[in-house]
Amino acid sequence: MKSDLQERLSKLPKVDVLLATPRAEELLQAFSRAQVVDGVRAQLEALRKQMLQGDGHVYEFAEVPFFDVVEGDLRAKQQPSLRRVINATGIVLHTNLGRAPLAERAIEAVVEVARGYSNLEYDLAAGKRGSRHAHVERLLCELTGAEAAVVVNNNAAAVMLAVNTLAKDAEVVTSRGELIEIGGSFRIPDVIERSEAELVEVGTTNKTRIDDYANAITDRTRILLKVHQSNFKIVGFTSAAKREEMVALARERELLVVEDLGSGILIDPAAFGLPDETTVREAVGAGVDLVTFSGDKLLGGPQAGIVVGRSDLIAAMKKNPLMRALRPGKLDLAALEATLLLYLDEDRLRESLPVLAMLTASEEELKAKAQTLCDALGAVPGVRAELKQGESYAGGGSLPDEALPSWVAAVRSEHLSANELADALRAQSPPIVARIAAAALNLDVRTVSEEEIDEIARAFQRIHDLP
Ligand SMILES: *Cc1c(COP(=O)(O)O)cnc(C)c1O
């Protein structure tokens with residue numbers, strides 16, 4: 001038996017022989033010689049292992065679809081890991097799915113800047129070195145009423161840079177009700193520690209009064225930090241110090257107020273029928289010295305951390321050596337500037353900014369779109385799709401407790417459980433991500449475009465065409 005196995009192993013074709021076959025020739029049209037050689041070697045090795053560890057069956061080389069496996073592996077390796085997905089969860093700013101889809105104008109700006117050179121750090125009027133911070137600063141000031149602004153990699157970096165610049169080796173006072181953790185292990189206490197400042201916690205989880213801040217101030221205190229609670233809400237017997245009270249206290253004791261607004265909304269939410277939120281302009285207007293917020297949450301732009309406020313403080317942040325490590329790239333700056341430019345025309349913002357369009361979509365709009373999806377899916381044999389009311393969310397820690405009434409296609413398959421269906425949809429190209437509710441797969445159309453409805457229908461077709 002053993003010698004038989006040895007014999008068969010020794011009879012496996014050599015790499016050179018395999019490379020001379022017509023199937024190998026075909027593969028060499030699509031892949032480099034080195035790729036094909038590696039692929040053939042890896043597959044031969046896998047086969048050898050299989051024969052040695054054996055399930056008792058002794059494989060003949062001809063029995064296995066050798067080159068199909070090699071080709072499958074080569075193609076799989078060429079598939080990028082980071083891919084577009086269809087978001088049918090209804091969560092608009094889904095952090096795991098890349099948060100805000102960009103506006104058309106922002107995409108164009110990215111492509112334009114990516115393709116060639118740009119004046120990223122070049123002053124065209126003067127013909128000499130310029131600053132990457134110059135491109136969006138004036139626009140941010142106009143949109144928020146602030147004196148100055150600077151952009152970094154993300155909001156976590158913005159908080160870090162502000163605290164490190166203004167309170168290094170000193171104390172930062174924060175309410176215990178605001179010591180939040182945002183998904184992905186952004187914890188305010190950790191960020192303050194890494195910013196080389198000392199956190200002083202005041203108040204309790206549900207109540208913090210202005211006197212709690214006042215009593216905690218020492219001659220080492222520099223910042224009163226206010227943090228948006230973002231992804232949770234404390235309800236019931238609660239109170240928090242007012243922004244205005246914190247500003248007054250800081251003025252009196254010669255301290256700074258820094259506010260991490262989280263999402264940072266630039267428009268009046270009421271004017272767009274959105275739940276109440278402090279706008280960046282309101283925080284600046286209340287006298288907060290520095291306000292930080294994300295570029296890819298409610299603002300609807302690329303990943304970025306934006307800081308607006310007093311010009312002397314922003315100037316100090318720009319000079320911090322950490323700035324070099326936290327600065328934004330040209331593609332993000334291009335997308336951010338193009339997104340901010342859209343805010344100059346609020347009348348058209350709903351059409352130009354996808355995040356706002358999705359958040360403010362009317363129930364009739366959503367119902368009609370969900371009906372279209374149901375009709376498309378209902379035409380696939382073995383699939384039942386039912387129009388149902390659902391709830392979508394802003395996500396990304398924005399508008400935390402507000403469910404937005406939506407419409408979904410509640411889908412069941414004759415052959416697959418809801419879990420199996422969800423798995424199969426995630427394996428499609430593009431992958432489709434949806435939520436399971438009451439043994440059905442709910443596809444929420446708030447985050448699905450008209451074009452994607454066809455793609456979803458084709459994916460269901462492929463899944464149900466399988467033997
Ligand atoms: C989302 C959020 C952050 C983190 O922002 P990133 O841009 O993801 O770094 C920080 N603070 C608050 C209050 C947030 O809501």
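Ligands are counted one by one from 1 in listed order, and the atoms in each one are counted from 1 as well. Computed over heavy atoms, backbone and side chain alike; hydrogens, waters and symmetry mates excluded.
- Glu365 and Arg446 are not joined by a salt bridge, as no carboxylate oxygen comes within less than 4.0 angstrom of a charged side-chain nitrogen.
- Using a 3.5 Å distance cut-off with no hydrogens or angles, the side chains of Arg462 and Gln428 do pair a donor with an acceptor.
- Remark: the Glu171 side chain and the Thr218 side chain contain an N/O donor-acceptor pair separated by less than 3.5 Å.
- Where the criterion is an N or O separation shorter than 3.5 Å, residue side chain and backbone included, Ser263 fails it with respect to ligand 1.
- With a 4.0 Å heavy-atom cut-off, ligand 1 is reached by the side chain of Lys297 but not by its N, CA, C or O.
- Using a 4.0 Å cut-off between a side-chain N of Lys or Arg and a carboxylate O of Asp or Glu, Glu244 and Arg251 do not qualify as a salt bridge.
- Glu277 and His228 share a side-chain donor-acceptor pair at under 3.5 Å.
- The atoms of ligand 1 that sit less than 4.0 Å from any heavy atom of Gly262 are 12 (C), 13 (C), 14 (C), 15 (O).
- An N or O contact shorter than 3.5 Å links Ala156 to ligand 1 by distance.
- Side-chain atoms of Arg348 and Ser352 include no donor-acceptor pair closer than 3.5 Å.
- The Ser294 neighbourhood of ligand 1 comprises atoms 5 (O), 6 (P), 7 (O), with distances under 4.0 Å to a heavy atom of that residue.
- Side chain to side chain, Thr89 and Asn87 meet the donor-acceptor criterion of an N or O pair below 3.5 Å.
- If you look at Glu178 next to ligand 1, there are no close heavy atoms at all, none under 4.0 Å.
- Residue Lys297 comes nearest to Ala100 through the heavy atom pair O-CB, 4.3 Å, listed as atom of the first residue, atom of the second, then distance.
- Set against the non-hydrogen atoms of Asp260, the atoms of ligand 1 under 4.0 Å away are 10 (C), 11 (N), 12 (C), 13 (C).
- Residue Asp296 has no nitrogen or oxygen atom sitting less than 3.5 Å from a nitrogen or oxygen atom of ligand 1, judged on distance alone.
- Taking every heavy atom of Arg99 and a limit of under 4.0 angstrom, the matching atoms of ligand 1 come to 6 (P), 7 (O), 8 (O).
- Residue Gln303 places no heavy atom under 4.0 Å from ligand 1.
- The shortest N or O to N or O distance between Asn155 and ligand 1 is under 3.5 Å.
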